[in-house]
Protein chains: 2
Amino acid sequence: METRIDRIKKQLHAASYKLTPQREATVRILLNHEEDHLSAEDVYLLVKDIAPEIGLATVYRTLELLTELKIVDKINFGDGVSRYDLRQEGAAHFHHHLVCIECGAVDEIQEDLLEDVEAVVEKRWNFQIKDHRLTFHGICWRCHDRSSQDPSQ
Amino acid sequence: METRIDRIKKQLHAASYKLTPQREATVRILLNHEEDHLSAEDVYLLVKDIAPEIGLATVYRTLELLTELKIVDKINFGDGVSRYDLRQEGAAHFHHHLVCIECGAVDEIQEDLLEDVEAVVEKRWNFQIKDHRLTFHGICWRCHDRSSQDPSQ
DNA sequence: TCCTTATTTATAATCATTCTTAATAAAGAA
DNA sequence: TTCTTTATTAAGAATGATTATAAATAAGGA
Ligand SMILES: [Mn+2]
Ligand SMILES: [Mn+2]
Ligand SMILES: [Zn+2]
Ligand SMILES: [Zn+2]
C-alpha cells in the first residue's frame, strides 16, 4: 500500500525536490499532529525528538517548500506566529476554522460551505478565486456548555 | 453636524479614554486612507506629516486601542505585517477582501454574503459567532483584462 | 497649589523569520 | 572510481516588526 509519505515524496520529486531525512522527519511530525495548528517553533521542538541534529532554519525552509507545493497551508490567527496545517488529501479547498475567544481552542470545518458565496463573488466582482481563508471568532460549544452549567453565571 | 471624529471621540470617552492630539492625528490618517490597508509603519510615516513629534510606539498603542474598541480591524494578509482597516460605521460585520495573486491589489467586499453560512455554522457546530475573517485569493478583474488583451499570451 | 493618574517619547529588548557562509550530501560524467 | 556540479543543511548572524521600560509631560481633581 502506498502511504501518505510516499505520495508526498512523489509530489516533491514531481517538482524536482528530494525528500531528505530532515524533510521526511518534518512531514512525519505534521502527519502525527494533523489536528493541531503548529507554529514553526512547535514543529522544530517536536522534530528534534526524532531528528535531534536538525536546525530551525531547515524547518522553516521545509515548511516554506511544503507551502509552495500546497501540501500544507500557512495560516495566521492573529497571534504573532504563522501556523502550518496539512491539507486534506484531494481537498480542492482549504478548510475553515472556528477560533474560540474564551478558551482559545481552534476547531475545523472540513465542509466547503462557500460554493454559493464564491459563485457570487466570481460573477459580481469578476474575480477568479484560487483559494480562500475563512475564520470565525466566537464562543465554542465547550465554553457554551460551561457557562450554562455554571451557577455563578 | 457631528463628524466621524466626534463619534470616535465619544466611543473613546465611553471607555474612559481621551482623544489626545496624537490619537486624533492617527485617526485622521486612517479616515483619509479608508480604501487602503496601512501597516503601523505606513500610518507612522503619514501621521508624521501632520504631527511630526509623534513616536512609533504611540502609533502602535493607538492602533491597538482602536482595535480593542472595534473602531479598526487588524488584518494580516500573510506578508510579515499587520494592517489596520477602519470599520464601516454601524457595520455589524467585518468586510471581506479579494487579494490578487498577480498584482497584489486588495479589493473590498462590503456586502455580508455570509448570513446563510453563519446560520449553518451556529447550528451545526453550536458555535456562537462574534466576528469573521474572509479573504479570497485569486486573479482580479484588472489582471484578467490585461491577460485577455495581451497578444503575447 | 499639590497629588495622582494617564499618556507620550525615546530607546532598549524581544521574538519570529530570513539571510549568509561554510560544510556536507547527492548525482552525473568520465 | 575520481572529478565536478548542484542541492541541501547547520550554525549563527542579521533583519524587521512589535512590545516593554523608564523618564518626562500633560491633565484633572482636591
Ligand atoms: Mn486546520
Ligand atoms: Mn479592507
Ligand atoms: Zn471555548
Ligand atoms: Zn491583479
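FYI, side chains are in, hydrogens and waters are out, and symmetry mates aren't considered; it's all heavy atoms of this structure. Every value quoted in this text rests on a predicted model; they were computed, and no experiment measured them. Throughout, protein chains are lettered first and strands after them, A, B, ... in sequence-line order, and every chain is numbered starting at 1.
The pair Asp85(B)-Lys74(B) fails the salt-bridge criterion, with no side-chain N (NZ, NE, NH1 or NH2) lying under 4.0 Å from an Asp/Glu carboxylate O. Using a 4.0 Å cut-off between charged nitrogen and carboxylate oxygen, Arg142(A) and Asp107(A) count as a salt-bridge pair.
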| For every nucleotide of nucleotides 18-30 of chain D, 5' to 3': is a protein heavy atom under 4.0 Å from its base (B), only from its sugar-phosphate (S), or from neither (-)? | BBB----------
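Here dA17(D) presents its C1' atom at 16 Å from CG of Leu38(B), a figure rounded to the nearest Å. Rounded to whole Å, atom P of dT8(D) lies 14 Å from atom CD1 of Ile54(A).
Side-chain contact of His95(A) with His93(A): a donor-acceptor pair under 3.5 Å is absent, judged by distance alone. Side chain to side chain, Gln110(A) and Glu108(A) meet the donor-acceptor criterion of an N or O pair below 3.5 Å.
Judged purely by atom type and a 3.5 angstrom limit, Asp112(B) uses its side chain to pair as donor or acceptor with the backbone of Leu114(B). Between the side chain of Thr62(B) and the backbone N or O of Thr58(B), at least one donor-acceptor pair lies under 3.5 Å.
Using a 4.0 Å heavy-atom distance criterion, Thr20(B) is classed as a sugar-phosphate-only contact.
In terms of heavy-atom proximity, Lys18(B) sits nearest to Arg23(B) at O-NH1, 2.7 Å.
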| field | Test salt bridge (Lys or Arg N to Asp or Glu O under 4.0 Å) applied to Arg133(A) and Asp131(A), step by step | value | CA-CA 7 Å; Arg133(A) 293 294 144 106; Asp131(A) 200 2; 3.5 Å; yes
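Interface limits on DNA chain C: the 5'-most and 3'-most nucleotides within less than 4.0 Å of chain A heavy atoms are dA16(C) to dC19(C).
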